[in-house]
Amino acid sequence: MQSTYNQLTELVEHHLAVIYNDIELAQSYQEIASQLLDTMGFKEDVQMTPPLRHHNNWTQEDAVLITYGDSIESPGEKPLSTLHTFLTNCCAKNINSVHILPFFPYSSDDGFSVIDYSSVNESLGDWEDIKRIASDFRLMSDVVINHCSSRSAWFDNFIKGEGPGSDFFFTASPDEDLSNVVRPRISPLLRETETAKGIEHVWCTFSHDQVDFDFRNPKVLQTFVSIIRQYLDNGVRIFRLDAVAFLWKKIGTSCINLEQTHEAVRLLRTLIEYAQPDAIIITETNIPNRENLAYLGNANEAHAIYNFSLPPLLVNTLITGDCHYLKSWLMSMPPAQNGTTYFNFIASHDGIGLRPAEGLLEDEELTVLVNTMQNFGGRISWRASENGQQKAYEINIALYDALQGTTKGTDKWGFQRFMCAHAIMLGLEGIPGIYIHSLLATSNDYERVKNTSHNRAINRHKWQYDALQEQLESPYSQHHRVLNAMGDLLTIRRQQVAFHPNATQFTLQLGSKIFGFWRQSIDRRQSIFCLSNICDETQEVHLSDINLVGTDEWIDLITKQPIYATDCSLELAPYQTMWISNLPKR
């Protein structure tokens with residue numbers, strides 16, 4: 001019988017053969033595979049257990065807080081220590097995982113232009129601080145895999161033409177036809193750089209401080225495998241592959257979502273799940289919905305994908321009072337196979353991406369959405385479209401301010417609308433991710449925008465811990481109200497097996513003002529009807545439309561009020577959500 005080590009070796013060699021099929025290599029696939037396995041610490045004479053196929057490494061108890069390492073600061077204390085205190089005091093009852101956005105030395109883009117992948121930014125803390133957090137919470141970390149900082153030692157060596165990194169970066173000639181390349185930014189694609197070998201034009205998908213790696217060189221792949229090994233050793237269990245869609249470049253193509261990129265993700269999954277069976281890969285691909293779904297593969301690629309279409313569709317629903325587009329999208333979403341799931345979120349450190357709404361929202365709807373968000377203080381980031389014109393790429397706004405009103409303007413329902421958005425998100429199939437500034441109901445930070453000249457800074461406020469505590473202790477502050485209401489919803493969610501990320505989901509047809517879906521537990525014992533009034537007027541729901549089983553007892557999990565199948569209808573106040581669950585017979 002073939003050993004597990006030999007099976008793994010064959011798997012890795014197969015991945016390599018697909019990735020490097022068109023590339024002449026100095027080494028054989030067997031040699032590269034051996035180096036990768038050695039880098040991950042696999043030994044031929046050590047017993048390994050193959051990972052379980054179609055196994056879910058998550059339950060309804062999982063929820064992820066998304067935060068920077070220094071989103072909360074306290075004088076004289078390392079920010080990672082302050083963060084640990086906040087997590088322990090305010091989150092531990094309801095949130096078991098934390099995504100600390102890039103905590104490495106960096107030169108720009110709030111961490112996503114990494115100078116050194118192997119060390120913790122000393123202004124935040126050190127690896128011991130990271131490990132302490134990882135001991136209490138499931139830790140998610142970025143692998144900024146497409147590019148690094150132009151101030152890194154690797155790029156310095158590229159300029160000098162010698163040493164590690166000297167052959168790590170992708171270059172192209174400005175004379176080549178690059179017109180098909182998909183761009184998320186309007187800056188020039190190529191950066192002219194003087195090197196010891198002469199002028200080189202370095203590929204920069206995002207900015208000229210973010211220089212793209214050349215994965216045609218297997219040494220780049222091996223380097224990232226060593227980075228992943230280090231992160232595993234320091235407690236990371238969820239890997240967010242940042243901007244991975246752009247990883248492989250081929251002149252004459254769009255240079256996005258190429259087959260080599262997908263195979264590289266499959267390779268990393270193979271290595272990671274053999275090394276740490278409970279680890280998870282999440283791909284961050286801010287692209288149209290159909291292309292995003294492809295990163296789940298056949299339950300052999302990403303374990304989870306960011307559900308990027310949810311934020312623009314849900315915000316559009318709540319400002320227009322019409323759930324048509326959200327409902328159509330949800331009906332089209334395939335149920336995730338076991339071993340895969342969706343990572344649901346409404347807000348993040350970035351803005352509300354608009355590319356994932358392409359083909360889902362009409363141009364007129366997108367224009368109304370953009371204009372409404374600008375009226376609520378938001379900023380717009382732009383990209384170059386296929387015809388060279390500028391096109392709205394992202395809305396930059398704090399979610400609490402984004403939901404302060406409707407297309408008619410601001411109103412008195414902001415808090416209810418904000419909580420409605422999260423009640424919808426928490427009920428959906430998948431794992432919920434909650435941005436710290438949504439959990440804390442932080443408003444637009446115009447001062448940071450002014451000081452940084454970056455639109456995304458509007459939703460990257462830095463709290464002083466004492467000031468935050470004061471707000472959280474004030475019963476009338478929006479921060480106190482939201483944190484407590486969010487905690488209540490999370491407490492309910494984690495107790496319901498019908499909210500397992502892979503439990504059955506079915507979209508309900510209840511008109512344009514009630515957004516509804518049905519969840520059923522994997523063992524089919526629990527059903528939850530999730531009903532949300534997404535407009536500013538009271539709405540009636542006929543119980544015959546949701547088909548409550550008359551032999552069961554039913555209760556609204558949020559209000560704890562019984563619901564009787566014999567009743568004709570329910571009334572939902574503006575932006576009210578009901579989670580109507582049966583009480584399983586024992």
Side-chain angles (χ1 to χ4, degrees), residues 109-110 183-187 206-207 286 288 308-326 329 345-385 387-422 425 435 437-438 440-461 478 482 534-536 575:
D109 199 16
D110 276 2
R183 296 297 313 290
R185 299 288 186 273
I186 58 175
S187 58
F206 291 91
S207 79
N286 192 353
F308 274 109
S309 296
L310 179 60
L313 290 175
L314 186 48
V315 172
N316 171 77
T317 292
L318 290 165
I319 66 166
T320 61
D322 186 337
C323 65
H324 166 75
Y325 294 101
L326 181 63
W329 165 75
F345 71 107
I346 318 173
S348 74
H349 61 291
D350 290 339
I352 300 170
L354 296 179
R355 286 211 72 209
E358 292 177 7
L360 301 175
L361 287 178
E362 304 289 342
D363 287 346
E364 184 179 344
E365 291 286 323
L366 284 169
T367 299
V368 170
L369 176 60
V370 166
N371 290 342
T372 304
M373 293 301 100
Q374 286 180 309
N375 290 339
F376 293 162
R379 304 290 194 267
I380 307 300
S381 295
W382 304 88
R383 69 177 179 91
S385 65
N387 58 14
Q389 295 181 329
Q390 287 195 5
K391 192 170 185 178
Y393 170 74
E394 182 179 85
I395 300 168
N396 304 113
I397 191 170
L399 186 64
Y400 197 81
D401 285 348
L403 296 175
Q404 65 184 275
T406 68
T407 55
K408 297 177 287 188
T410 58
D411 60 26
K412 63 181 180 179
W413 300 109
F415 170 78
Q416 290 84 356
R417 191 180 291 111
F418 184 80
M419 293 313 304
C420 178
H422 285 90
M425 188 263 285
Y435 186 41
H437 292 306
S438 294
L440 299 174
T442 310
S443 294
N444 290 335
D445 190 334
Y446 300 111
E447 192 66 24
R448 277 185 64 81
V449 174
K450 180 181 177 182
N451 291 339
T452 64
S453 299
H454 292 301
N455 287 345
R456 285 178 169 176
I458 200 170
N459 197 23
R460 297 178 180 179
H461 181 73
Q478 66 192 45
V482 166
I534 51 81
C535 75
D536 58 6
Y575 305 107

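These numbers were taken from a predicted model, which means no experiment stands behind them. Only this structure's heavy atoms are used, side chains among them; waters, hydrogens and symmetry mates stay out.
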Over 12 foreign heavy atoms within 6.0 Å of CD, Gln374: yes
Tell me, do Tyr575 and Asp536 make a side-chain contact under 4.5 Å, heavy atoms counted? yes
Could you check whether any side-chain heavy atom of Leu354 comes within less than 4.5 Å of a side-chain heavy atom of Ile395, counting everything from C-beta outward? yes
Heavy-atom check, side chain of Val315 versus side chain of Leu399, under 4.5 Å: yes
For Asp109 and Arg456: C-alpha separation, side-chain torsions, deciding distance, then whether side-chain contact (heavy atoms from CB on, under 4.5 Å) applies. CA-CA 9 Å; Asp109 199 16; Arg456 285 178 169 176; 4.1 Å; yes
Main chain of His461, side chain of His437: is a donor-acceptor contact present, judged purely on distance under 3.5 Å? yes
Closest heavy-atom contact between Leu314 and Ala421? CD2-O, 3.5 Å
Heavy-atom distance under 4.5 Å between the side chains of Leu361 and Leu313, does that happen here? yes
Going from CD1 on Ile319 to OG1 on Thr372, what distance comes out if it is rounded to the nearest 0.5 angstrom? 4.0 Å
Less than 6.0 Å separating the ring centroids of Phe308 and Phe345? yes
When you compare the side chain of Ile458 with that of Tyr446, does any pair of heavy atoms fall below 4.5 Å? yes
Check whether any side-chain N or O of Asn286 sits under 3.5 Å from a backbone N or O of Pro356 as a donor-acceptor pair, and report yes or no. no
Do Thr406 and Arg417 have side-chain heavy atoms sitting under 4.5 Å apart? yes
Assess whether side-chain contact (heavy atoms from CB on, under 4.5 Å) is satisfied between Trp329 and Leu310, documenting all intermediate values. CA-CA 9 Å; Trp329 165 75; Leu310 179 60; 3.9 Å; yes
Shortest non-hydrogen contact from Ser309 to Leu360? OG-CD1, 3.5 Å
Supply the atom-to-atom distance Gln404 CD to Gln478 CD, rounded to the nearest 0.5 angstrom. 10.0 Å
Using every non-hydrogen atom in the two residues, find where Ile380 and Ala392 come nearest and quote the distance to one decimal. CG2-CB, 3.9 Å
Give, for atom CZ of Arg379 and atom NE2 of His454, the distance between the pair rounded to the nearest 0.5 Å. 14.0 Å
Asp401 side chain to Ser443 main-chain N or O, any donor-acceptor pair under 3.5 Å? no
Are Glu365 and Thr320 close enough that a side-chain donor and a side-chain acceptor fall under 3.5 Å? no
Asp363 atom CG, neighbour heavy-atom count above 12 within 6.0 Å: no
What's the spacing between Asn455 CG and Asp350 CG if we round to 0.5 Å? 12.0 Å
Nearest atoms (heavy-atom pairs only) where Asn396 meets Ser381: OD1-OG, 2.7 Å
side-chain contact (heavy atoms from CB on, under 4.5 Å), that's the test. Do Ile346 and Ser438 meet it? Break it down for me. CA-CA 9 Å; Ile346 318 173; Ser438 294; over 6 Å; no
Does Arg460 come within less than 4.0 Å of Asp110, counting only side-chain N to carboxylate O? yes
Between Tyr435 and Ala347, what is the shortest heavy-atom contact and its length? CB-O, 3.4 Å
Looking at CZ of Arg448 and CG of Asn459, how far apart are the two atoms once the value is rounded to the nearest 0.5 Å? 10.5 Å
Roughly how far, to the nearest 0.5 Å, is OG1 of Thr410 from CZ of Phe376? 6.5 Å
Looking at side-chain heavy atoms only, is the closest gap between Ile397 and Asn444 below 4.5 Å? yes
What I'd like to find out is whether the side chain of Asn316 reaches to under 4.5 Å of the side chain of Leu326, using heavy atoms alone. no
For Val482 and Phe415, run side-chain contact (heavy atoms from CB on, under 4.5 Å): C-alpha distance rounded to whole Å, both residues' side-chain angles, the deciding distance at 0.1 Å, then the answer. CA-CA 8 Å; Val482 166; Phe415 170 78; 3.9 Å; yes
Determine the minimum heavy-atom distance between Ile186 and Trp382, stating which atoms define it. CG2-O, 3.8 Å
